[in-house]
2 protein chains.
Amino acid sequence: MAEEQDPGPVPSAAEIAAAWQRERPGTPTASIEVVTPIWRLAKLFADDRARVLRGAGIDAATLDLLSVVRRSGPPYALSTRQLAHRTLVTAGAISQRVARAEREGLVRRTPGTGRRSVLVELTEEGHALIERSVDAVLGREATLVAGLSPQERTLLIGLLDTLLTDVRRRVSAPPGPTAPGSRTGP
Amino acid sequence: MAEEQDPGPVPSAAEIAAAWQRERPGTPTASIEVVTPIWRLAKLFADDRARVLRGAGIDAATLDLLSVVRRSGPPYALSTRQLAHRTLVTAGAISQRVARAEREGLVRRTPGTGRRSVLVELTEEGHALIERSVDAVLGREATLVAGLSPQERTLLIGLLDTLLTDVRRRVSAPPGPTAPGSRTGP
DNA sequence: GCTGCTACGTTTAGACCTAAACATAGTCGA
DNA sequence: TCGACTATGTTTAGGTCTAAACGTAGCAGC
């Protein structure tokens, strides 16, 4: 072996807050222990999902697209606008996602009835692919969160819901999509 | 006005799970109500932070970089390897982030003492910028999570920590960085 | 019938990231 | 000392996203 290898564990949220207090007493670190674990969990879930999907021949963006259409029920068709709204990305991103999925034969664009809107609808192949993928992804995620007891689970869901409602209300700016990537926080 | 405007609220995690059960009875939806709010909160926090930082003339990636170095304490210098480890991104991303920050005069690359490693250290200007930005970002985030009572806050932090530890243990694959973007889930 | 107005979808430019290929430099054993 | 190996950091290719500019298409008032 060469030399200094293991950089040790990634500092916990509590350690990050403590470091700021040590370096800059008075820094408002109250939010760190809430926000940081949420980011890290989101990243762990996203990374793990990407790994699971890689084997299934589909990526997370396409899974999102097909999922939303599939669970909207028959006739398995939504407008671009609805897709953008429900997947929390911009209309431009949807346009590109649909183009990719269309190129792979997973969806079909049809003119919306009487409107100028465009309906995105599942092809036979797209329907089959999402049917195959959903159970794999959700089953895997179920095992990831299986460590929580039923009580803990219920409690956590309630608290997350409270926080989500609250943050949504306080974020004045349009809830549209903005920042990419994952962050580790200050 | 033209026509159909408001596409309604984004479906809640509970509604998404219910939709799957309606469309595909037996789908393992147990994880949705835990994972989805975590992703949405992460996205809300990231978007809001991006907006706050836009006014401060710095982006989230650079804030991450400067923050990690700043809170490591004197002499405010870390190796590329440590930076990659602590910010949860690849070494290539760090290389690019450092290059950008260096171009803006916020950091300086110096050869590590006796090692072949490269130390990234804050310049006067970088130090001043992070000093100005941290309070703004953390202060803003403190108000976002201020809706939780002290009891709720403590409870939530504990549950998130439990879940994080648990998920980390179950994710067998290397915890390295992989998936970009934010997802809304199946 | 025109003329603005608004909503919607697509296209383009630019930003950032991952993965993988490279380039280097210490380390260790024969 | 030589050579394989390992750790580090940088570069490059490719991908996805946002933001903003465009292009249309219905609608409303005159």
Side-chain angles (χ1 to χ4, degrees), chain A residues 1-7 43 46-47 50-51 53-54 59-65 78-85 87-103 109-120 173-184, chain B residues 1-7 43 46-47 50-51 53-54 58-65 78-85 87-104 109-120 174 176-184:
Chain A
M1 160 177 25
E3 45 194 291
E4 45 179 326
Q5 223 177 317
D6 181 17
K43 181 166 171 49
D47 289 357
R51 276 190 292 270
L53 291 178
R54 205 163 301 154
D59 62 287
T62 303
L63 179 83
D64 259 23
L65 176 67
L78 291 175
S79 71
T80 294
R81 174 166 167 55
Q82 290 175 308
L83 289 172
H85 181 69
T87 53
L88 305 183
V89 295
T90 58
I94 288 296
S95 200
Q96 294 172 15
R97 286 185 181 186
V98 171
R100 290 198 297 273
E102 193 171 36
R103 223 175 298 133
R109 273 188 258 223
T110 64
T113 47
R115 305 262 179 236
R116 84 203 134 231
S117 76
V118 174
L119 286 185
V120 176
T178 335
S182 55
R183 301 275 112 73
T184 52
Chain B
M1 156 177 29
E3 43 194 296
E4 45 180 327
Q5 223 175 324
D6 180 18
K43 179 164 172 52
D47 289 356
R51 276 191 292 271
L53 291 178
R54 204 162 302 154
I58 182 177
D59 62 286
T62 304
L63 179 84
D64 258 23
L65 176 65
L78 291 175
S79 70
T80 293
R81 173 167 167 55
Q82 289 174 308
L83 289 172
H85 181 69
T87 53
L88 305 182
V89 295
T90 58
I94 288 296
S95 199
Q96 295 172 16
R97 285 185 182 186
V98 170
R100 288 198 298 270
E102 192 172 36
R103 225 176 294 134
E104 297 176 48
R109 273 187 257 222
T110 65
T113 47
R115 305 265 179 233
R116 85 205 131 227
S117 78
V118 174
L119 286 186
V120 176
T178 336
S182 54
R183 302 274 113 75
T184 52

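Keep in mind it's a predicted model, so treat the numbers as computed, not measured. For the numbers below, each heavy atom of this structure counts, side chains included, while hydrogens, waters and symmetry mates do not. Each chain gets a letter, A, B and so on, in the order its sequence line appears, and its residues count up from 1.
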Taking atom CD1 of I94(B) and atom OG1 of T80(B), what is their separation to the nearest 0.5 Å?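 So the CD1 of I94(B) and the OG1 of T80(B) are separated by 7.5 Å.
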Look up atom CG in L65(A) and atom CD in E102(A), then write down how far apart they are to the nearest 0.5 Å.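 The CD atom of E102(A) is 10.5 Å from CG of L65(A), to the nearest 0.5 Å.
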Candidates T62(B), I58(B), D59(B) - the one meeting side chain to side chain contact (heavy atoms under 4.5 Å, CB included) with L53(B): I58(B)
Round to a whole Å and report the spacing from [atom1] of [X] to [atom2] of [N].
X: L119(A); N: dC8(C); atom1: CG; atom2: C1'; result: 13 Å
X: R81(B); N: dT24(C); atom1: CZ; atom2: C1'; result: 16 Å
X: L88(A); N: dT18(D); atom1: CG; atom2: C1'; result: 14 Å
X: L83(B); N: dT8(D); atom1: CG; atom2: C1'; result: 13 Å
X: E104(B); N: dA15(C); atom1: CD; atom2: C1'; result: 13 Å
X: E102(B); N: dT10(D); atom1: CD; atom2: C1'; result: 13 Å
X: L78(A); N: dG9(C); atom1: CG; atom2: C1'; result: 15 Å
X: L65(A); N: dC17(D); atom1: CG; atom2: C1'; result: 15 Å

Check for a donor-acceptor pair, side chain of S95(A) on one end and backbone N or O of A91(A) on the other, with a separation under 3.5 Å.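 The answer is no, because no donor-acceptor pair under 3.5 Å joins these two groups.
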Please answer whether the main-chain N or O of S79(B) pairs with a side-chain N or O of Q82(B) as donor and acceptor at a distance below 3.5 Å.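 It does hold such a pair.
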Identify all pairs in which a protein N or O lies below 3.5 Å from an N or O of nucleotides 10-13 of chain C, and state each distance.
from    : atom 1 : to      : atom 2 : distance (Å)
dT10(C) : OP1    : R109(A) : NH1    : 2.6
dT10(C) : OP2    : S95(A)  : OG     : 3.0
dT10(C) : O5'    : S95(A)  : OG     : 3.3
dT12(C) : O4     : Q96(A)  : NE2    : 3.2

Dump the intermediate steps for side chain to side chain contact (heavy atoms under 4.5 Å, CB included) on D64(B) and R97(B), then the final yes or no. CA-CA 10 Å; D64(B) 258 23; R97(B) 285 185 182 186; 3.8 Å; yes
Has R100(B) got a side-chain N or O lying under 4.0 Å from the OP1 or OP2 atom of dA15(C)?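 Checking dA15(C) against R100(B), no side-chain N or O comes under 4.0 Å of OP1 or OP2.
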T90(A) side chain near dT18(D) phosphate (N/O to OP1/OP2, under 4.0 Å): yes
Counting heavy atoms from C-beta on, name the nucleotide in dG9(C), dA19(C), dC17(D) closest to the side chain of A61(A).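 Of all the options, the side chain of A61(A) is nearest to dC17(D).
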Check the pair D47(A), K43(A) against salt bridge (charged side-chain N to carboxylate O under 4.0 Å, His left out), reporting the backbone distance first and the verdict last. CA-CA 6 Å; D47(A) 289 357; K43(A) 181 166 171 49; 3.2 Å; yes
